[in-house]
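Convention: sequence-line order gives letters A, B, ...; per-chain numbering from 1. All figures in this text were calculated on a predicted structure; none of them were measured in a lab.
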2 protein chains.
Amino acid sequence: MNKLTDRQKIILSLVVHEHTRTAQPVASKTLINEYTLKISSATVRNEMNTLTELGFLRQPHTSAGRVPTEEGYRYFVSNMVQHTALPSATRNTISHHFYQSRKGLEYWLPLAASVLANNSQAVSIVTAPHSEKVTFKHLELIATRASQVLMVLVLVGGEIQQQIISLDVIRSQEQLSNIAAQVNRVCENTSLDQIKSLPATPDPLLNQVLTAVIDQMSLASKLVTGELYSDGLTNVLSEPEFSDYNPEYSPLRLLEERSLLDDLIARTVLTEEIGGVQVLIGGENTWQELQNCSVILTRYGVEDQLSGALGILGPMRMPYSQTIGTVRYVAELMSGLVSDNLVD
Amino acid sequence: MNKLTDRQKIILSLVVHEHTRTAQPVASKTLINEYTLKISSATVRNEMNTLTELGFLRQPHTSAGRVPTEEGYRYFVSNMVQHTALPSATRNTISHHFYQSRKGLEYWLPLAASVLANNSQAVSIVTAPHSEKVTFKHLELIATRASQVLMVLVLVGGEIQQQIISLDVIRSQEQLSNIAAQVNRVCENTSLDQIKSLPATPDPLLNQVLTAVIDQMSLASKLVTGELYSDGLTNVLSEPEFSDYNPEYSPLRLLEERSLLDDLIARTVLTEEIGGVQVLIGGENTWQELQNCSVILTRYGVEDQLSGALGILGPMRMPYSQTIGTVRYVAELMSGLVSDNLVD
DNA sequence: ATTAGCACTCTCGAGAGGAGAGTGCTAAAT
DNA sequence: ATTTAGCACTCTCCTCTCGAGAGTGCTAAT
């Protein structure tokens, strides 16, 4: 696979850079003008020809410059994007944002989305972290009106679920607190399966509450990741990739149809260890919606406990090196924050 | 203001309808061909001329048909959209969705957004309901790791806030529950101001918790409405109104910059009683972002207790009658659901 | 007050032509 | 054997023109 000569690699990378910058097909002459190459345009043309035959470049028409193909981008990203860290100025700006934000995931998630969007000129995707194993932490029952009860369920990891339960009989807050205390005693740090296999209880209220708990926990166990935060839509609306095509296959469906995003996350980053950044270029023949787009995704959080996905969706023509660096850095920050605030 | 003749009104409304249907300038001849009018095209032309002088229609160029102006749409909406109810089939389809959904605001909000988007071919906007007066309902403190405590605060209305507090000393869950019980005894159904004016306490832990409660409640009191749910972006991306213009003034900024939306909500529906539907056409000289767009917004929930805003954002050229009906109906449904599940 | 008829205006699309950009190839140079 | 200069060739893109067609405004007749 890696059978390009050094010179071919340089030319491919220059074409990618130049095309990213100008959005135009790149001519051999442009290359030797803009960059200091010690070879002539004719040589560049010959090499471009080879790269075209290899499938890494293509010509929009006979007498136009070259544009990288999907394969070209893929080769570029896997072989030539050196994982240099982000400039420290950028890192500081980003971490500063987190530092001066209010504390709490509910602030960090939209902040991460905003930072990613602003540093990438693409659409950001951030999902709230979620624990693979759903474990009971704490239950609270709060009397509201008449026989309605607000049930608040806290899971290990810190996710909070709420549900309104209608009882057959009106109960006092004391009675409710009593039941909640019983449930807490039995269930703390207990997994869904364990709770399911608890012996039946004669108390109908306790029964109803346990059923509701099991119901909520089952629901949570089916989630791939938590809520979606996104930002930077206006960054890409002017890009033809996002507005021209068939609305049936708009890449923005990824933001609106949760099942699409979940599928994408499940099939890429969820199978990876935290820390690895995945780059999907042009849908990889699997996601039709992503033609002409690229997705950079990674997983963040604490391995085996609480993790979410974060990254960006942008036109295929994007500054991969910088964007990958940003995604990686934001994920590192978020992992640290999640880890420091783990509820276990 | 209402000085149009009946015939002029008819012609204006036909132009609006036809333009909505075809997105093209409407010719006098088209009108008498498509609709059964007992007047000639020349008469229509004369009337169109008058309507143009009055500012309700305009010509894209000399020899083109007419297009409604902002003023034209405004006149049409205020004087000629009769508030006929939605067809019962549509109503049934919509209510069916709510009926077979899981119960809980967290399901109804995205559902409302989805229903609005699908029935309007526009972008939907739904904000979670929020209570104007922030009132304490219930507090829970949950020991996590070492000296970290997860504080869960429930407000009257059912909003749940969470925060992680770091204590100086490690406390047992008993001690924490004890403190929470104390706070609950003192604060239940108490307003922010009342809590603020509570006498100081010697207990440092109690003090820290109360400070955190006040902090969270202050934050809540500054919200205009809750979280934003939106759907149907792909509906409008192909519309030139949404992709052509300067990204600085894209109408979609309304979805990304919460301050814009809050301003819009505060200055329109929040001042109205629940039930009134507001139609903003073309930004009304106030919101530059909304040029060529219209926003239909209404407030839903329970007056003086818990209310949010919902509606749609679409191109100015839209089927107002149907869309207004949909927005009103969804708001009615949501008001009912909020009312049935009020936590007070 | 309404309408038929007609001249006038403007857009839109097709077609032509020329400039320019960029290539591929060939033959010479290294 | 590789690189390069030179050049013919191709294709796009812009502009211009021109004619067809759509739709109007005006005038004179009903």
Side-chain angles (χ1 to χ4, degrees), chain A residues 3-12 14-69 72 240 244 317, chain B residues 3-12 14-69 72 240 244 317:
Chain A
K3 54 190 168 199
L4 295 194
T5 67
D6 283 353
R7 196 169 64 187
Q8 286 167 337
K9 287 190 191 179
I10 289 171
I11 289 177
L12 175 57
L14 291 182
V15 171
V16 168
H17 270 116
E18 191 64 14
H19 180 63
T20 304
R21 213 170 57 78
T22 62
Q24 297 294 322
V26 181
S28 54
K29 213 171 156 190
T30 316
L31 240 41
I32 55 165
N33 284 347
E34 295 293 315
Y35 306 90
T36 38
L37 296 181
K38 53 190 192 327
I39 50 179
S40 76
S41 66
T43 312
V44 174
R45 276 201 293 281
N46 283 333
E47 294 289 35
M48 279 177 158
N49 214 333
T50 317
L51 287 167
T52 305
E53 277 161 20
L54 290 172
F56 294 136
L57 297 180
R58 69 184 172 84
Q59 286 181 287
H61 57 264
T62 326
S63 78
R66 298 307 207 289
V67 166
T69 59
D244 271 10
R317 163 179 67 75
Chain B
K3 53 191 169 198
L4 295 194
T5 66
D6 283 352
R7 195 168 65 186
Q8 287 167 337
K9 287 189 191 178
I10 290 172
I11 289 176
L12 175 56
L14 291 182
V15 171
V16 168
H17 269 116
E18 191 63 15
H19 181 63
T20 305
R21 213 170 57 78
T22 61
Q24 297 293 323
V26 181
S28 54
K29 214 170 153 190
T30 317
L31 240 41
I32 54 165
N33 283 346
E34 295 291 317
Y35 305 90
T36 38
L37 296 180
K38 54 189 190 330
I39 50 179
S40 75
S41 66
T43 312
V44 174
R45 277 201 294 281
N46 284 333
E47 294 289 36
M48 278 178 158
N49 214 332
T50 317
L51 287 167
T52 305
E53 276 160 21
L54 290 172
F56 293 138
L57 297 179
R58 71 187 169 81
Q59 287 181 286
H61 58 265
T62 325
S63 77
R66 300 305 207 288
V67 166
T69 60
D244 272 10
R317 166 180 65 75

> Which part of the nucleic acid, if any, lies within reach of Asn49(B) when heavy atoms closer than 4.0 Å are counted: base, sugar-phosphate only, or nothing?
Replying inline: sugar-phosphate
>> Using heavy-atom distances to pick each residue's nearest nucleotide on DNA chain C, tell me which of Glu47(B) and Thr62(B) is more 5'.
In response: Glu47(B)
> With a 4.5 Å limit on heavy-atom distance, are the side chains of Tyr35(B) and His17(B) in contact?
Replying inline: yes
> So, do Glu18(B) and Thr30(B) sit near enough that their side-chain heavy atoms are less than 4.5 Å apart?
Replying inline: yes
> So which heavy atom on Gln24(A) is nearest to which on His19(A), and how close?
Replying inline: O-ND1, 2.9 Å
> Contact boundaries of DNA chain D with chain B (under 4.0 Å, heavy atoms), 5' to 3'?
Replying inline: dA22(D) to dG25(D)
> Does Arg7(B) have a side-chain nitrogen or oxygen under 4.0 Å from the phosphate oxygens OP1 or OP2 of dA1(C)?
Replying inline: no
>> Can you measure Ile39(A) atom CD1 to dA29(C) atom C1' for me and round it to whole angstrom units?
In response: 17 Å
>> If you apply the rule side chain to side chain donor-acceptor pair (under 3.5 Å), what do you find for Arg58(B) with Thr69(B), and how did you get there?
In response: CA-CA 6 Å; Arg58(B) 71 187 169 81; Thr69(B) 60; over 6 Å; no
>> Can you give me the closest heavy-atom contact between Leu51(B) and Leu12(B), atom names plus distance?
In response: CD1-N, 4.1 Å
>> Using heavy-atom distances to pick each residue's nearest nucleotide on DNA chain C, tell me which of Met48(A) and Ser40(B) is more 5'.
In response: Ser40(B)
> For the pair made of NZ in Lys29(B) and P in dT3(C), what is the distance, rounded to whole Å?
Replying inline: 16 Å
> If we only count heavy atoms from C-beta on, is the Met48(A) to Val44(A) side-chain gap below 4.5 Å?
Replying inline: yes
> Ser41(B) near the nucleic acid: base, sugar-phosphate alone, or nothing, with a heavy-atom cut-off under 4.0 Å?
Replying inline: nothing
>> Can you measure Lys38(B) atom NZ to dA1(C) atom C1' for me and round it to whole angstrom units?
In response: 14 Å
>> Heavy-atom nearest nucleotide on DNA chain D for Ala42(B) versus Ser63(B): which residue maps closer to 5'?
In response: Ser63(B)
